[in-house]
Amino acid sequence: MATKSMDSLKVNIDTPRWDQTTFVGRLKHFFNITDPRTVVASEEELDRAKILVESCRTGTVPPGTSLEQLHYAKKLYDSAFHPDTGEKMNLIGRMSFQVPGGMAITGCMLQFYRTVPAVVFWQWVNQSFNALVNYTNRNAASPITVTQIGVAYVTATSTALATAVGLNLYTKRAPPLIARWVPFAAVAAANCVNIPMMRQQEILNGIAVTDENDNRLGYSRKAAGKGIAQVVISRIAMAAPGMILLPILMEKLEKFPFMKRIQFLHAPLQVMLAGGFLLFMVPVACALFPQQCSIAVANLEPELRDSIVAKYGDKVPYVYFNKGL
């Protein structure tokens with residue numbers, strides 16, 4: 001198939017290839033940018049992708065560049081660079097690392113759930129991973145101090161450990177399957193704490209909101225609350241299928257004689273199966289809500305609403321903000 005040259009095409013590089021107002025459009029977008037294969041892209045390749053994307057934005061695309069090359073460069077750019085700052089994100093915190101990183105941690109949490117030391121260790125590892133992901137994918141327009149990061153990390157980790165250890169002890173006499181679901185309960189509880197704590201500046205001072213032309217209008221705490229709530233729901237949805245259905249599957253499989261003979265392979269098996277769930281659930285969960293979120297001006301804080309109405313009248317019915325991932 002012949003490639004289309006940019007010499008004869010005018011492309012707005014920041015216009016999404018798929019409609020972001022529909023779930024299916026967002027799903028295709030996130031399947032693209034959370035592709036775990038982008039994790040192995042070299043630093044040089046990522047830097048070249050950024051240069052090409054920024055060149056396109058200024059209208060100086062190198063002659064002979066094809067549309068396919070531009071789309072791939074934008075895929076790498078979106079997977080590795082922060083949408084607010086344009087800075088390269090750390091590898092472990094990228095959404096494209098959720099499958100390889102999450103599958104290892106999730107598989108081990110589901111396998112090593114029987115003893116308190118194992119529960120403590122793997123919940124600590126998971127919350128350390130989550131804290132890095134949450135910080136990396138925050139709305140960078142709202143800075144957070146090192147002290148606040150530390151408080152958020154300690155609080156979320158303590159919540160996860162208290163939930164996991166408490167339920168682990170409580171379910172000692174419960175059916176085995178109930179005990180296997182303890183890691184998910186701990187993960188869900190910690191997400192409800194970790195994400196709001198990591199983004200506390202937005203809750204306290206508001207998140208930057210703009211009009212449809214990206215003109216900043218002010219800061220809104222209500223917008224921050226809406227965005228953070230959607231991120232919490234997405235993160236729990238991301239983990240739920242694997243951490244709820246995989247224990248049921250393993251409970252059935254472990255009754256077979258051949259599974260009893262290969263107990264040393266149970267952990268690797270759970271890791272691989274967790275990866276299968278995450279391969280689909282990471283883009284699905286990210287696509288549940290638009291990343292560029294909106295809220296009606298009528299639902300904003302009175303002072304911000306009044307200032308917008310006084311300046312623009314009814315020409316700005318909605319404001320927009322990056323809710324993060």
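Side chains are part of it too, since the values below use all heavy atoms of this structure and drop only hydrogens, waters and symmetry mates. All figures in this text were calculated on a predicted structure; none of them were measured in a lab.
Side-chain contact between I236 and F184: present, with at least one pair of heavy atoms (C-beta onward) separated by less than 4.5 Å. Looking only at side-chain heavy atoms (C-beta outward), N322 and C293 stay at 4.5 Å or farther from each other. Using a 4.5 Å heavy-atom cutoff, the side chains of S128 and Y153 are in contact. H71 has its side chain out of reach of K74: every pair of non-hydrogen atoms, C-beta onward, lies at least 4.5 Å apart. Counting only heavy atoms from C-beta outward, the side chains of R216 and V209 never approach each other to under 4.5 Å. Considering only heavy atoms from C-beta on, K50 comes within 4.5 Å of F81 through its side chain. Side-chain atoms of T115 and V119, non-hydrogen and from C-beta on, never get closer than 4.5 Å to each other. Taking 4.5 Å as the limit, every side-chain heavy atom of N299 sits out of range of all side-chain heavy atoms of K222.
The existence of a salt bridge linking E45 and R48 is excluded, since no basic side-chain nitrogen approaches an acidic carboxylate oxygen closer than 4.0 Å. Residues E212 and K315 are not paired through a salt bridge, judged by the lack of any N-O separation under 4.0 Å between the basic side chain and the carboxylate.
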Would you please test K260 and E254 for salt bridge (charged side-chain N to carboxylate O under 4.0 Å, His left out) and show each step?
-> CA-CA 6 Å; K260 294 178 181 178; E254 288 178 1; over 6 Å; no

Yes or no on salt bridge (charged side-chain N to carboxylate O under 4.0 Å, His left out) for E202 and R221, after CA distance, side-chain angles and deciding distance?
-> CA-CA 7 Å; E202 297 170 39; R221 294 183 298 277; over 6 Å; no

Apply side-chain contact (heavy atoms from CB on, under 4.5 Å) to the pair V282 and V99, showing each step before the final yes or no.
-> CA-CA 7 Å; V282 169; V99 173; 4.3 Å; yes

Start with the C-alpha gap between Q201 and L204, add the side-chain angles, then the distance that decides, and say whether side-chain contact (heavy atoms from CB on, under 4.5 Å) holds.
-> CA-CA 5 Å; Q201 282 293 94; L204 295 173; 4.2 Å; yes

Decide side-chain contact (heavy atoms from CB on, under 4.5 Å) for Q98 and V133; before the verdict, give the C-alpha distance in whole Å, the side-chain angles of both, and the deciding distance to 0.1 Å.
-> CA-CA 9 Å; Q98 276 289 302; V133 172; 3.4 Å; yes

Could you go step by step and tell me if S220 and E301 meet the side-chain hydrogen bond (donor to acceptor under 3.5 Å, both in side chains) rule?
-> CA-CA 7 Å; S220 170; E301 295 87 341; 3.0 Å; yes

Evaluate the criterion side-chain hydrogen bond (donor to acceptor under 3.5 Å, both in side chains) for residue pair N90 and T136; output intermediate values, then yes/no.
-> CA-CA 7 Å; N90 68 81; T136 302; 2.7 Å; yes

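A donor-acceptor pair under 3.5 Å is formed between the side chain of D35 and the backbone N or O of R37. Using modelled atom types, one side-chain atom of Q69 and one backbone atom of S66 make a donor-acceptor pair closer than 3.5 Å. A donor-acceptor distance shorter than 3.5 angstrom exists from the side chain of Q200 to the backbone of M197, with no hydrogens or angles considered. In this structure, the side chain of R94 engages the main chain of M89 through a donor-acceptor pair within 3.5 Å. For T106 (side chain) and G102 (main-chain N/O), a donor-acceptor pair under 3.5 Å exists by modelled atom type. Under a 3.5 Å cut-off, the side chain of R26 and the backbone N or O of A287 do form a donor-acceptor pair. A donor-acceptor pair under 3.5 Å is formed between the side chain of K226 and the backbone N or O of S294. The main-chain N or O of A285 is found under 3.5 Å from a side-chain atom of S234 such that the two form a donor-acceptor pair. One N or O on the side chain of S79 and one on the backbone of L76 form a donor-acceptor pair closer than 3.5 Å.
Closest of all the heavy-atom pairs between I203 and P196 is CD1-O, 3.7 Å. Taking all atoms of both residues into account, the shortest heavy-atom contact from L70 to C56 is CD2-SG, 3.8 Å. Shortest non-hydrogen contact noted between L110 and Q270 is CB-OE1, 3.4 Å. The shortest non-hydrogen separation linking T159 to A189 is CG2-O, 4.0 Å.
If you take CH2 on W124 and OG1 on T157, they are separated by 9.0 Å, rounding to the nearest 0.5 Å. Atoms CZ and CE, from F97 and M103 in turn, are 10.5 Å apart once rounded to the nearest 0.5 Å.
Under the 30°/60° scheme for interplanar angles, the aromatic rings of Y320 and Y318 are found to be tilted. Between F112 and W122, the ring planes are parallel. Angles under 30° get that label, and only those over 60° would be called perpendicular.
Hydrophobic clustering places M95 together with I105 (ILVMFWY residues linked when any side-chain heavy atoms are closer than 4.5 Å, directly or through intermediates). By the criterion of side-chain heavy atoms lying less than 4.5 angstrom apart, applied directly or through intervening Ile, Leu, Val, Met, Phe, Trp or Tyr residues, I233 is grouped together with M281 in one hydrophobic cluster. Residues M259 and L273 share a single hydrophobic cluster, defined by chaining ILVMFWY side chains whose heavy atoms lie under 4.5 Å apart.
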